[in-house]
Each structure stands twice: as structure tokens, then as C-alpha cells.
2 protein chains.
Amino acid sequence: MEQYRILIVDDHPIVREGLKLIFETEKSIIIEDEASNGAEALALVLAETNKFDLILLDISMPVMDGITFLEQLKDRGISINTMVLTTSDDADDIQAALQAGAKSVLLKDAARKEMIQTVLRTAKGESVLQPELQHILQAKRKLQQDSLLTPKELSVLGRIVKGSASKEIALDMGISERTVKAHLSSIYQKLDVGSRAEAVACAIVRKLVTY
Amino acid sequence: MEQYRILIVDDHPIVREGLKLIFETEKSIIIEDEASNGAEALALVLAETNKFDLILLDISMPVMDGITFLEQLKDRGISINTMVLTTSDDADDIQAALQAGAKSVLLKDAARKEMIQTVLRTAKGESVLQPELQHILQAKRKLQQDSLLTPKELSVLGRIVKGSASKEIALDMGISERTVKAHLSSIYQKLDVGSRAEAVACAIVRKLVTY
DNA sequence: AAATGGATTGCCCAAACGTACAATAGATAG
DNA sequence: CTATCTATTGTACGTTTGGGCAATCCATTT
């Protein structure tokens, strides 16, 4: 029987212990090593590139988070199957993980059996994504498309959130005040609002702007 | 040696397993039972009120979250030592937990030793709060005091966030438009902003309004 | 080449906004 | 009791906002 060597990366000792316990029964899974953040994990991987068949990692961690770790792997051209374990069903997190190169994403509250299944399939190179998470991603894409703002509109919106007046924004962006207002009207229509105040609330809640 | 019977409440199997493993070495701690959400836990507690010396629970859980569970206990006049385990160091969560009656609060990334210590001390009736968390709470109180808005001002601010005009707010609240503007001026001064748009951004980021 | 559609801009205007000056009434402090 | 402070409101004024109408320019389509 084939065996898969796994690296566990999570800052919570509880989670690491729990994962070990869960995989104890599965003889084809070997917890080869563990790390408490992305930096430690990167050091382990760099020390011996072919040591692991799968990296099981958390997203939020001190020092270096999971997304940054995945990006580092990509930047260095290291190709290892990676599976992200996350608590949140936040579409942004999931999308960021996949974008950064995660093969699979699994919610931490998944059942023992599903977790083992996903680990094995991902270790073999398969990409696994819970139907639940797929729906969340779809919903997000839909939401974003419905309210898709052009780069200029986003730029204007960002300045609105910071409290700039139309005239200031015009000067800032090198366009006329009337054009700023035109962009604003378009933004209002797309976000289904009728004033700067509402637009700001909408922008922050929908995370259309970085704050 | 005295022994403490503990109820573990967490929706993640991993965490439950991890906790079991951690407390395995400590013979004075007995994992008497476990539940995957507040509702299950409540049923267990109601079935036999004096079964547990300590309830170790997570905040975010499906069906019934930790805060609601604590409030239920309080409403029913049930007094059991409770210890909240949380991932987030969000001041709101911590405050809500303590407000709802949690004896102790501990971050999930605490070391094994600290976790055992905290469990034992809380089971004895002591209240434990990490210095780290105390600082977070202090910082929050300070922030809130610095920008303390009166009830009427908060009411106005809430309507501003929803996009209401001054005239509408005046009608809504049964005061004159001029008074609304006076409140607004005061809000601007306290939040150090100069327009509705900025005020909305500030209010949402500082969580001065429920959205 | 002609047409269609989007982006940009100007002019204009009513409404809303933010604020200064000031008056009134109620509460609190001395 | 008097004085001070706070909350409320009125009048007024300049600025900003949101949007209607229309001209211009540029790119894509036909």
C-alpha cells in the first residue's frame, strides 16, 4: 500500500493534536512533520524539497499566514500538493487560497471521514472542493459581476470613502468634476444606492475598497 | 486528589479530539461529555444539572453559538463554571462572552500547559483572563470612550449609514432638522471627520453601528 | 465609410449639506 | 438664587451634491 508523507501547518497545538489523532487510524497517512506557521513550514520544505507528498495548512497564522506561504512556494517554483484547512467559509479566503495555488480547500468542521478522503485524494494530485464552498464562490462571483465597477469607478469610490469632495477627486485624477459626477451616478446605479453615504456603507460591507 | 468533570462544546471534531489528547495526561481532568453546539450542550446540562464542574466552549458554532448558550444558562439560573475558548482576539467577542457570564476566556493558540492551568483554576471557580486579552479589552474601552457618542447621536449616525437625509431623520426622530444637523456637527467633531461619507466609513470600521 | 455605443465634458438648477450667529429652555453646580 | 452648561431650534448663507440635457471624441461594429 502506498503511503503519503504529510506536513501539518497550524498555529494551534489543539488542531495539530486533533489532526494527528484523526489520521492515526489511517495507515496510509504519515504525519511526517509539523510547523506552527508558514515561515517554519517554508524552512522545512526548503531543507528537503521531496520530503512531503502533501502540505495541510491553516490560513490565519502568525509570522507568515497560509496564503503568503503558498505564494512563496509558487515564487520558488516548488510544486507540492497543498490542502488548506479553514474555519471561515469566507469567499475571499477561499478564493485567495485557490489563487495562491492550493489544490484543495476543506472546512475544519468537516467530518473525520471526509477529511481523510480529501487528504488522500489531494495527496494523489486531485483537486477537491466541497460543494458548499463551490456555492459560496459562485455566489460571490455573481455578486461581484452584478456590481462590477470599472477601474475608474473603483478609484472614485475609494476616494469617496476617504471623504474627498468631487472637486478634489477631479483634481486628483486629472479629470473634470463633471466626469467624477458621471462616474458617481454610474456607481450609484450599479450599487443601487442614491448618495455618497450609502455608497460608502455598501463599498465597505461588500469589500469593494481596501480600507 | 480532586477530579473535575468537564463538558467540551465545539463544532470542530478536530478541536474536540485535540482537547481530549491534551487533557489525557492530566488525571484530575475528566472529559465527562462533549457536544458540537450550544443546543446539544444545553440539553446535556438540563438533563443533569450537577454533572459538570466546568464547561469548555467555543463561541462560533452552528445552531446555537457559545454566547447564546451562556445567556440561556443565565436565564435559567444555572450556575456552572464556564470557560470560553476562542480563535479570535476580537474585543467584541471577548466582551460578549464575559458579559454573557463566561468565567474565563482563553485563546485557542494557548500553550498546552496554560490551557490545563486555566481549566483547573476555572473549575475551582477562579476567573482567568490572559494579560493579552485584558489589554485588548482596555484598548477597546479607550477607543470607545474617545469617541463616545450620545444615544441620540448614535441614533442619527445609524440613519446616516442607511442613507437617510437630514429631513427624513428629523421626521423619524420627532425633532427639527436643525437639531439633526447639530447632532451631526457634534458627531463630526467627535469622530474627527467632516462629512457624512467619512462618518459612515468611520462608524462601520469602528463598529459604532450595527450593520 | 457609416453607425452605434461608451466615455468625457460643459452648463444649469434644485435640493441637500455644513456651518456661523443667536435665542430659548432646562439641568447642574456653586 | 445665580451662573454656567447643555440640548434644541430658528434664520441665513455659501458650498456641495445629484442629475437633466446635450455636444464631443474615440473605439468597435456593420
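Below, chain A is the first sequence line, B the second, and so on; all start at residue 1.
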Using 4.0 Å as the upper bound for N to carboxylate O, is an ion pair formed by [Y] and [X]?
| X | Y | result |
| --- | --- | --- |
| A:Asp10 | A:Lys108 | yes |
| B:Asp53 | B:Arg5 | yes |
| A:Arg16 | A:Glu34 | yes |

Donor-acceptor pair, distance only, cut-off 3.5 Å: does the side chain of [X] make one with the backbone of [Y]?
| X | Y | result |
| --- | --- | --- |
| A:Asn81 | A:Ala123 | yes |
| B:Thr118 | B:Glu114 | yes |
| A:Gln117 | A:Lys113 | no |

Go through DNA chain D in 5' to 3' direction and return only the first and the last nucleotide with some atom under 4.0 Å of chain B's heavy atoms.
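Nucleotide range with atoms under 4.0 Å of chain B: D:dT8 to D:dT11.
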
side-chain contact (heavy atoms from CB on, under 4.5 Å) for A:Leu56 and A:Val9? Distances and angles first, verdict last.
CA-CA 6 Å; A:Leu56 220 172; A:Val9 191; over 6 Å; no

Looking at every heavy atom in both [X] and [Y], which two are closest together, and how far apart are they?
| X | Y | value |
| --- | --- | --- |
| B:Leu85 | B:Leu107 | CD2-O, 4.2 Å |
| A:Glu198 | B:Lys162 | CG-O, 3.5 Å |
| B:Ala170 | B:Ser176 | CB-C, 3.7 Å |

Residues within residues 193-205 of chain A bordering DNA chain C, heavy-atom distance below 4.0 Å
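Residues of residues 193-205 of chain A under 4.0 Å from DNA chain C: none.
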
Tell me which residues in residues 167-179 of chain A put a heavy atom below 4.0 Å from DNA chain C, sorted by number, or none.
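By residue number: A:Ile175, A:Ser176, A:Arg178, A:Thr179.
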
Stepwise, does the side chain to side chain donor-acceptor pair (under 3.5 Å) test hold for B:Ser166 with B:Arg196?
CA-CA 10 Å; B:Ser166 300; B:Arg196 294 161 117 77; 3.3 Å; yes

Return the 5'-most residue of the pair B:Lys152, B:Lys181 with respect to DNA chain D, ranking by each residue's nearest nucleotide.
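This one resolves to B:Lys152.
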
Would you kindly compare A:Ser166 and B:His183 by the position of their nearest DNA chain D nucleotide and give the one closer to the 5′ end?
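Final value for this comparison: B:His183.
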
Degree of bending in the helix from C:dA1-D:dT30 to C:dG30-D:dC1 once both end axes are built from five pairs, to 10°:
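Rounded value for the end-axis angle: 40°.
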
Nucleotide range of DNA chain C lying under 4.0 Å from chain A heavy atoms
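Endpoints of the contacted stretch of DNA chain C: C:dT8 to C:dC11.
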
Is there a side-chain contact (heavy atoms from CB on, under 4.5 Å) between A:Glu153 and A:Lys190? Walk through the geometry before answering.
CA-CA 10 Å; A:Glu153 285 167 354; A:Lys190 289 180 180 178; 2.9 Å; yes

Test of understanding: with side chain to side chain contact (heavy atoms under 4.5 Å, CB included), list the residues that count as partners of B:Ala165, not counting sequence neighbours.
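Scan of B:Ala165 (side chain to side chain contact (heavy atoms under 4.5 Å, CB included), adjacent residues dropped) gives B:Glu168.
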
Run the numbers on A:Tyr4 and A:Glu32 for side-chain contact (heavy atoms from CB on, under 4.5 Å), then give the verdict.
CA-CA 9 Å; A:Tyr4 301 104; A:Glu32 184 79 21; over 6 Å; no

Let's go through A:Leu54 and A:Ile80 carefully: what are the C-alpha distance in whole Å and the side-chain angles of both, what is the deciding distance for side-chain contact (heavy atoms from CB on, under 4.5 Å) to 0.1 Å, and is it a yes or a no?
CA-CA 6 Å; A:Leu54 173 70; A:Ile80 305 183; 5.9 Å; no

Assign B:Ala165 to base, sugar-phosphate, or nothing according to its heavy-atom contacts below 4.0 angstrom with the strands shown.
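Here B:Ala165 touches the backbone only, sparing every base.
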
